[in-house]
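Structure record follows, encoded as structure tokens.
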Amino acid sequence: MNYWLMKSEPDVFGIDHLASRPKQTEHWDGVRNYQARNMLRDQMQVGDQVFFYHSNCKVPGIVGIAEIARAGYPDHTARNPDGKYYDPKSTAEKPIWYMVDVRLVRKLRRTISLEELKQRPELADMPLVRRGNRLSVMPVSLQEWEAILALE
DNA sequence: GCCAACGTTGGC
DNA sequence: GCCAACGTTGGC
């Protein structure tokens, strides 16, 4: 089992959007970064646990726990010419971009803010707290996972 | 809204 | 293959 952190803007798709979906499950589309793509496509497995992170908002931080409900499969939004995730280089035969399905496990009792995460020395190696990091999907070690949950 | 950091693009 | 220009991310 692997652990991950996935970022989303709450105004676009936040934890409450996920909670209101049928089966509290939704596909995670629109990732257009190769490093993140590789994780979606090659590493995420059904049952993996995910921290749901709110970015680009008033209090950025971890707001919930989700799990991978379906492993990587082609992101069909890349083939919709009318959508903002359209990529003409991606085809049905040779998809470039991938997505996974994510199911809500639970919301946290409170937001564990980025500010708080930055203060924990045991989390200093997380890409999340490093300056200039822009990865929207990143691995979390078991030690980091447990340290973060202990903050709740 | 600003802007630093970073990834991608494309000319050469 | 280098690297400047450009677009995007995301904290503040």
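Convention: sequence-line order gives letters A, B, ...; per-chain numbering from 1.
Applying the ring pair (Phe, Tyr, Trp, His ring centres under 6.0 Å) criterion to A:Phe51, with sequence neighbours excluded, gives A:Trp145.
Nucleotide B:dG7 holds its C1' atom 11 Å from the CG atom of A:Leu135, rounded to whole Å. In this structure, A:Trp97 atom CH2 and B:dG7 atom P are separated by 13 Å, rounded to whole Å. Remark: C1' of C:dT9 and CG of A:Leu128 are 13 Å apart, rounded to the nearest angstrom.
Contact annotation: A:Tyr53 does not reach the phosphate of C:dT9 (side-chain N/O to OP1 or OP2, under 4.0 Å). Under 4.0 angstrom from either OP1 or OP2 of C:dG10 there lies at least one side-chain N or O belonging to A:Lys7. For C:dC12, one of the phosphate oxygens OP1 or OP2 lies less than 4.0 angstrom from a side-chain nitrogen or oxygen of A:Lys118.
Applying the ring pair (Phe, Tyr, Trp, His ring centres under 6.0 Å) definition to pairs two or more places apart or across chains, those involving residues 95-119 of chain A are A:Tyr34-A:Trp97.
Distance from the side chain of A:Asn33 is smallest to B:dG7 among B:dT9, B:dG7, C:dG10. Checking B:dT8, C:dG10, B:dT9 against the side-chain heavy atoms of A:Tyr34 singles out B:dT8 as nearest. The side chain of A:Asn56 lies closest to C:dG10, out of C:dC12, B:dG7, C:dG10.
Atom CD of A:Glu115 is surrounded by 12 or fewer heavy atoms from other residues, nucleotides or ligands within 6.0 Å.
Using a 4.0 Å heavy-atom criterion, one finds that A:Lys58 contacts no nucleic acid atom at all.
A donor-acceptor contact under 3.5 angstrom links the side chains of A:Arg32 and A:Thr77, judged on distance only.
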